[in-house]
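What you are looking at is a predicted structure, and each value in this text was computed from that prediction instead of being measured. Both backbone and side-chain heavy atoms feed into the values below; hydrogens, waters and symmetry mates do not. Here is the naming used below: chain letters follow the sequence lines, and residue numbers restart at 1 for every chain.
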There are 2 protein chains.
Amino acid sequence: MEQSPGVWERPRRGRRGPAPEHDLDRIAAAALALADADGLAAVTMRAVAAALGTGPASLYRYVRTRDELVELMADAAYGEIDGEAAPAGDWLAGLLALARESRRMLLRHPWLLEVAETPRPLGPNAADYLDRALGVLESAETDTRTKFEAIGVLNALVVMLVRAETAGADRDAAGPAALARLAAEGRRPHLAAALADPAPAPPEGPGEAFDRVVSRVLTGLV
Amino acid sequence: MEQSPGVWERPRRGRRGPAPEHDLDRIAAAALALADADGLAAVTMRAVAAALGTGPASLYRYVRTRDELVELMADAAYGEIDGEAAPAGDWLAGLLALARESRRMLLRHPWLLEVAETPRPLGPNAADYLDRALGVLESAETDTRTKFEAIGVLNALVVMLVRAETAGADRDAAGPAALARLAAEGRRPHLAAALADPAPAPPEGPGEAFDRVVSRVLTGLV
DNA sequence: CTTTTACTGCGATCGATGTTCGCAGTATCT
DNA sequence: AGATACTGCGAACATCGATCGCAGTAAAAG
């Protein structure tokens, strides 16, 4: 049953011995700063320990593995979404506001896009986020199940859209140039046709596509 | 411009010297078999090399980094989606069929859920997949831009749904039990209310929720 | 107050991994 | 025939996550 207590269930302090010199929040903050500055790969146990003025082994008094440290970082990032700008009554506008805040948070911490979001036990901030999202959906007339599904879809959608947004700025990863090269091989006629669209859509600002896609998906789902 | 040729652009063979003893397809297949058997972490350069009967250094004649090897693996997995079961005329049914095939592929290669899908240049199989999806959408009356967006949303959605599906079977990660514990703290009233829903939805088979969510999202988006 | 117990901090270190170097061997070009 | 540009790969390097064990310390037990 209780197979192995995660970071959130474990007691923060032993019943004996000296008081811990560090705490999870400070450790997570140090790691988060490192990731913001130099990416997720810069978050090594040694680097985090050095930022805290200690050795790598000390961190293992607070965290069982590096993955747990990343869990802490992710939950700390989720904590930056406060979600006050949620208008009551209009659930779509509320969820869109929440999605926008998520987007801003992800743009601030792009390393979060790298961490594969395998469904782990929710941290406290992630749980608060879920609670707020459910609160926004209270005015919607749907299944509880559908509400959970909508929130899950929303999160995956936000990550995907921000990924596309940042990748476009970084390099021409899957940009039109690369696609054109793939279409030019003769095979893939539909791709070629799509790229030769005589009526291309007008250009958009960065946030416009985000709002449009999120709104359409949510209205269809709920 | 041509900053650094990826695996797909690079020539498969030098103009001089002996013929390569291995090739990308065999290397990818060996790595894929390892990942299927023991997870993505088991795909080390040494293990893949050993499976091919050689040393780790040899692989670097074919692949610049381990990440490139994973790219190869991912594209090989995409190649398993042939997409013949796509009825013409009905784009929704066609995309749903494609999504179902993607789901089956992901269930066969769960390690693909761990690789963070940062938008890289598409491999040949991924490009074929994109072409087929565009072909299915030909009968839909929408923007070309919307079609691309729908395909992107569809992919992210499939990954998310399969993640939820497999995590549920593995452990109770974010299962009802963990949620109930979080709701019991007194804060998070909406979460508590949602869990105490007097009219819970009837249980579903594994593929039913998938079909339902995918269909609703797509109808809303396109 | 003394002894016991259970904790904390952390230097030293282990095993494993991704990657590079350099050299011997080989097929193609001049 | 010689030069050239490749391939194969053993050996090694840097770095990482994680562990071990011991000294120090605070709380519980007697």
Side-chain angles (χ1 to χ4, degrees), chain A residues 4-7 9-28 30-31 34-35 37-74 111 114-116, chain B residues 4-7 9-28 30-31 34-35 37-74 111 114-116:
Chain A
S4 76
V7 217
E9 283 78 20
R10 236 173 299 152
R12 330 236 133 205
R13 183 177 172 177
R15 288 191 295 271
R16 306 272 173 97
E21 295 183 2
H22 312 285
D23 61 290
L24 290 183
D25 293 316
R26 290 163 61 84
I27 293 174
L34 279 174
D38 298 314
L40 194 62
V43 181
T44 67
M45 301 306 271
R46 287 164 222 271
V48 175
L52 266 58
T54 180
S58 304
L59 292 182
Y60 288 93
R61 291 283 174 200
Y62 301 87
V63 147
R64 205 186 285 284
T65 67
R66 195 193 98 115
D67 275 349
E68 271 194 5
L69 177 56
V70 176
E71 252 183 276
L72 256 44
M73 294 168 60
W111 49 266
E114 296 176 39
V115 5
Chain B
S4 75
V7 215
E9 282 78 20
R10 235 174 299 151
R12 326 240 132 196
R13 184 179 171 177
R15 287 192 292 272
R16 305 268 172 97
E21 295 184 1
H22 312 284
D23 62 289
L24 291 183
D25 293 314
R26 289 162 63 86
I27 292 174
L34 279 174
D38 298 313
L40 195 61
V43 181
T44 67
M45 301 304 270
R46 287 166 223 271
V48 175
L52 267 58
T54 180
S58 304
L59 292 181
Y60 288 91
R61 292 282 173 200
Y62 301 85
V63 147
R64 205 186 288 283
T65 67
R66 195 193 99 114
D67 276 350
E68 271 193 5
L69 177 56
V70 176
E71 252 182 275
L72 255 44
M73 293 167 62
W111 49 266
E114 296 175 39
V115 6

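- Proximity of R66(A) to V43(A): side-chain heavy atoms (C-beta onward) are separated by under 4.5 Å at one or more points.
- Residue R10(B) contributes atom CZ, which lies 15 Å from atom C1' of dC6(D) at whole-angstrom precision.
- Applying the side-chain contact (heavy atoms from CB on, under 4.5 Å) rule to A28(B) yields the partners L72(B); only residues at least two apart in sequence or on another chain are considered.
- Between L52(B) and E21(B) there is no side-chain heavy-atom pair separated by less than 4.5 Å.
- Residue L69(B) contributes atom CG, which lies 12 Å from atom C1' of dG18(C) at whole-angstrom precision.
- Listed by residue number, V43(B), T44(B), M45(B), R46(B) are the residues of residues 41-56 of chain B with a heavy-atom contact under 4.0 Å to DNA chain C.
- Contact check for L24(B) versus R12(B): side-chain heavy atoms found under the 4.5 Å cut-off.
- The CG-C1' distance, from L40(A) to dG17(D), rounds to 14 Å in whole Å.
- Whole-Å rounding puts the Y62(B) OH to dT19(C) P distance at 18 Å.
- Separating the CG atom of L34(A) from the P atom of dC16(D) is a distance of 12 Å, rounded to the nearest angstrom.
- R12(B) has its CZ atom 17 Å from the P atom of dC6(D), to the nearest Å.
- Contact annotation: the side chain of M73(B) approaches that of L40(B) to within less than 4.5 Å [non-hydrogen atoms, C-beta and beyond].
- Each of dG18(C), dG17(D), dT8(C) was ranked by its minimum atom distance to the side chain of R66(A); first place goes to dG17(D).
- When the salt bridge (charged side-chain N to carboxylate O under 4.0 Å, His left out) test is applied to R10(B), the partners found at least two apart in sequence or on another chain are E68(B).
- Going from atom OH of Y60(A) over to atom P of dG9(C) covers 15 Å, rounded to whole Å.
- The side chain to side chain donor-acceptor pair (under 3.5 Å) analysis of residues 45-64 of chain A, with sequence neighbours excluded, yields the pairs T54(A)-S58(A).
- Dashed line: the shortest gap from a side-chain N or O of S58(A) to OP1 or OP2 of dC10(C) is under 4.0 Å.
- Listed by chain and number, the residues in a side-chain hydrogen bond (donor to acceptor under 3.5 Å, both in side chains) with R26(A) amount to none (sequence neighbours excluded).
- The two residues T44(B) and A41(B) come nearest to each other via the heavy atoms CG2-O, 3.7 Å.
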B/S/- contact track for nucleotides 20-30 of chain D, protein heavy atom under 4.0 Å: -B--BBBBS--

